[in-house]
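Read the structure below first, then the notes.
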Amino acid sequence: MRLLAPGPARGRGRGRRAGAPRCGLSPPWSPAWICCWALAGCRAAWAGDLPSSSGRPLPPCLEKDYHFEYTECDSSGSRWRVAIPNSAVDCSGLPDPVRGKECTFSCASGEYLEMKNQVCSKCGEGTYSLGSGIKFDEWDELPAGFSNVATFMDTVVGPSDSRPDGCNNSSWVPRGNYIESNRDDCTVSLIYAVHLKKSGYVFFEYQYVDNNIFFEFFVMLKSGTNILYWRTTGILMGSKAVKPVLVKNITIEGVAYTSECFPCKPGTFSNKPGSFICQVCPRNTYSEKGAKECIKCEEESQFSEEGSSECMERPPCTTKDYFQIHTPCDEEGKTQIMYKWIEPKICREDVTDAIRLPPSGEKKDCPPCNPGFYNNGSSSCHPCPPGTFSDGTKECRPCPAGMEPALGFEYKWWNVLPGNMKTSCFNVGNSKCDGMNGWEVAGDHIQSGAGGSDNDYLILNLHIPGFKPPTSMTGAMGSELGRITFVFETLCSADCVLYFMVDINRKSTNVVESWGGTKEKQAYTHIIFKNATFTFTWAFQRTNQGQDNRRFINDMVKIYSITATNAVDGVASSCRACALGSEQSGSSCVPCPPGHYIEKETNQCKECPPDTYLSIHQVYGKEACIPCGPGSRSTQDHSVCYSDCFFHHEKENQSLHYDFSNLSSVGSLMNGPSFTSKGTKYFHFFNISLCGHEGKKMALCTNNITDFTVKEMVAGSDDYTNLVGAYVCQSTIIPSESKGFRAALSSQSIILADTFLGVTVETTLQNINIKEDMFPLPPSQIPDVHFFYKSSTTTTSCVNGRSTAVKMRCNPTKPGAGVISVPSKCPAGTCDGCTFYFLWESAEACPLCTEHDFHEIEGACKRGFQETLYVWNEPKWCIKGISLPEKKLSTCETVDFWLKVGAGVGAFTAVLLVALTCYFWKKNRKLEYKYSKLVMTTNSKECELPAADSCAIMEGEDNEEEVVYSNKQSLLGKLKSLATKEKEDHFESVQLKSSRSPNI
């Protein structure tokens, strides 16, 4: 294929001009005239008016010796048609340049511009033309004009092209009918440059099934040179291989003209002039390039697929060339086992070692109808009428009073494909399986069909118009509306994959889960959270490598049962209890208000107790109200349990109260960077919605978008099918500088937690355990608070779903939102891929302050006043709560006053002691005086015997020195009395000698 867009005149070989160029009627100063003469002068100088090297004159140019091209358009939109000699041609007498068609001129589809006469002519048989477009539909090799560019990255390990696993060998690979992208995590661009003379468009077909590849195509088609990019980047975080992007049939519209028609590629033909497309040869025919018709193969010994370029020999028939089916049940309730050749049949039965088709017609009892259906004596099963139920073996019966049908679908018998299911086959690389059944019913299971080739996608679809809870739970606000469960197994000898995909409201199909290789019989459940139109798809591919022969036709998947609960327009296999109206007006069911269960005794609605939530699966009996976990409470409608951000704990007779309200907004952690084997840098991005918001899941993660902050997106919006809302979620972020993206890429978003379990200081809750050595020990005695969550979604590696534990630690040095970290032993936040751990350190995680968290300091007494201050204990391990009391000012006595009081008391005491001493000394003198006087009196009476020594006063004796003590005087009076007597009684003491004989 060659695109002849306007460009500078070019040519190779030798030529000679005969005569001057005729430049038309343009005035000599016009740009076209100047361009024409400049071109003529250059050609004359280039060709040279010299004789040939042999000395003989050059032969005149024939039409086969040259071709015509247009010059570049000038500013006025004019151009010239000039003759260019073909390569290795020596001739003279090239035609003169003539004025060309206007620059925007183009021919219609099926026509080309015949340059000699500059008129549009129809393409001949065996060729086609798009008029002003080009098409690329042959990919045996990379077409001219296309190029591969791989991104080389510089990492800490060194330049990637210097490593053995660099990106040198990464490229888009042609595969015949299509081209496929690279399968590694290099960034490879398929680039094509095209020059357009008018606005156009680009059209191409592609297959993009793997979210582990980021695929983008970008271009702005406008007049002038345009560069088209098809760019892929593998996002490989493990050893799992990715499915490549397939592209074919690239069509570009908007070129100025095409000067020739393109021959039909092998396997196609064009049997009439003026074709703009080539038709595909039917089966058992072939064609070569530029064919006007297809040639039939030898019918008995040869065959060919649609669009073949040759015929192939028919091989002997084997057991891989036929399959068995079950016919619909007849009036006797029998089904026949039939064997059929895989269509189209390509094998031969009339050769040695060929297998013949087994006999058909063996009759077996028909399996019963699926639950909710009944045959009513006929050969086919019909759904039970509304309000009735059946297990598939009995007639449809109405539900008893006080009960309602449990609507849904339960397919476990596969004699015919149910009415809301369909099957198909798809392959972007060929059309062999178009129109085939991708799956076949087989009695107790449905299995993958034969298909046309081993890399076909065998498709099975189930369409459900919506989900709604039973009547009694219509008012409930539970997050789960229904669920779909299927039991399957895979039997594979190659790299087969089973995909389970979900399409919501027919907008986009997303892969929910996939299983590779042989898998034992197992069940998988997907939960429905909103009412919408759902299409569930099972796609099975035996291998992702294109194969010319069938090697893995015996690889298959079997699905034994598919069950969907609470499906709109569903059927019932059983009945469930429902609430009755208070007036008991018959057996009609009424919806219970939100958060109400059905009381068994009365079948009346009754509200669940506080701090319990209503089970979405069972509303009959008080046991339907499930208690919330520790430290949590239920919403007003009892639909879910959540933390209100407040927590209370008793420790050593002290109450600790926590308030996490300031941490209720979403906390984020960007963990990394990490590098893949090819050097791609990526981060793990976590969002955590800790508490509050009435239990709403505020953490949002997204897939395949360029701005992962999603602040302006709304959770649950149908416009964002790749938006994930949860308590804890994770995305893989590839920064823009890592791969040259225009912005950061967010992908592989997963829900880590969608159910709140409880909050406690204990390290274990519901089998989720936080080991002591997982995080560093806390620096204080304040206990850490643990929030526990789980995810209801199960995966192949996490059969019980994922779980999350968030350890809240008081750290006064980290105010505000604080810092979130993961265990050092598990840098990805998890060690097993199922349980995730986070440490959230913040001052907001400290308990509320109480009176135990501060002490008082008394100041000095100044001028009769004293201050008392209150300060926090250091270090401070609390926040908010009570405030410090204001400083207290109280009256006081100063130190000088008490010194004066003490001095006065001391002086008084000293005076008192001196006075007492004097008193007793005076008293002693008086006694000595009396004694002396008594002695003298006795000595004056010589004849009398001496009286007994006595100091007492006898009866009747006067006391000359009368001292009256009967009237008790005060201390001061006594002192005055002593002083007076001292003045009146002056005497001298004389020592007297006794006149008594010593013998007396």
Side-chain angles (χ1 to χ4, degrees), residues 369-374 381 383-392 396 399 403-414 418-421 446 460-488 500-505 512-513 522-538 559-579 589 591-592 594 597-598 613-621 623-624 626 639-640 751 754-755 791-794 799 801:
C369 294
N370 282 310
F373 292 82
Y374 187 64
C381 298
C384 288
T388 63
F389 72 101
S390 171
D391 61 358
C396 301
C399 290
M403 306 190 77
E404 63 176 336
L407 299 179
F409 293 103
E410 183 180 359
Y411 299 132
K412 60 181 181 180
W413 300 110
W414 303 93
N420 60 347
M421 299 186 71
I446 183 171
L460 180 66
N461 301 114
L462 170 63
H463 178 75
I464 296 181
F467 288 87
K468 68 176 182 179
T471 302
S472 298
M473 299 175 61
T474 302
M477 299 298 291
S479 58
E480 179 181 334
L481 290 182
R483 54 177 57 195
I484 180 168
T485 303
F486 58 94
V487 180
F488 71 98
F500 175 62
M501 299 177 285
V502 175
D503 173 82
I504 302 176
N505 292 332
V512 175
E513 189 59 85
Q522 58 185 278
Y524 178 80
T525 299
H526 177 70
I527 299 177
I528 310 301
F529 293 101
K530 63 181 179 181
N531 184 19
T533 299
F534 282 82
T535 298
F536 302 100
T537 301
W538 293 263
I559 295 181
Y560 294 92
S561 65
I562 300 176
T563 304
T565 63
N566 298 338
V568 174
D569 297 337
V571 293
S573 60
S574 61
C575 298
R576 74 178 88 194
C578 68
C589 296
C592 284
Y597 67 95
I598 303 174
Y613 70 96
L614 186 64
S615 170
I616 193 68
H617 306 291
Q618 171 65 32
V619 295
Y620 193 62
E623 57 271 18
I626 305 173
S639 61
V640 69
I751 294 176
D754 57 14
T755 303
S791 172
S792 55
T793 302
T794 60
V799 294

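Between the side chains of N461 and T537, a donor-acceptor pair is found at a separation under 3.5 Å.
The ring-ring contact (aromatic ring centres under 6.0 Å, His included) search around W538 returns F486, F500, not counting sequence neighbours. Contacts of P386 classified as side chain to side chain contact (heavy atoms under 4.5 Å, CB included), with partners at least two apart in sequence or in another chain: none. Listed by chain and number, the residues in a ring-ring contact (aromatic ring centres under 6.0 Å, His included) with F389 amount to none (sequence neighbours excluded). Take T485 and apply the side-chain hydrogen bond (donor to acceptor under 3.5 Å, both in side chains) test, not counting sequence neighbours, and it matches T525. Partners of N566 according to the side chain to side chain contact (heavy atoms under 4.5 Å, CB included) rule, which considers only residues two or more places apart in sequence or in another chain, are P470, R576. The ring-ring contact (aromatic ring centres under 6.0 Å, His included) check on Y613 picks up nothing, with sequence neighbours excluded.
Once rounded to the nearest 0.5 Å, the distance linking CD1 of I464 with CD1 of I528 reads 7.5 Å. Note: F409 CZ to S573 OG = 11.5 Å, rounded to the nearest 0.5 Å. Atom CG of residue L462 and atom CD1 of residue I559 lie 10.0 Å apart, to the nearest 0.5 angstrom. Here I446 contributes atom CD1 and M421 contributes atom CE; the two are 5.5 Å apart, rounded to the nearest 0.5 Å. Expressed to the nearest 0.5 Å, how far OG1 of T533 lies from NE2 of H463 amounts to 5.5 Å. Note that SG of C578 is 5.0 Å distant from CD of E404, once rounded to the nearest 0.5 Å.
The aromatic rings of F467 and F536 sit perpendicular, their planes meeting at an angle over 60°, well past the 30° parallel limit.
Residues I626 and S615 share a closest heavy-atom pair of CD1-CB, 4.0 Å. For V487 against A523, the heavy-atom pair with the smallest separation is CG2-CB, 4.0 Å. Contact between C369 and W413 at its shortest, heavy atoms only, is O-CD1, 3.7 Å.
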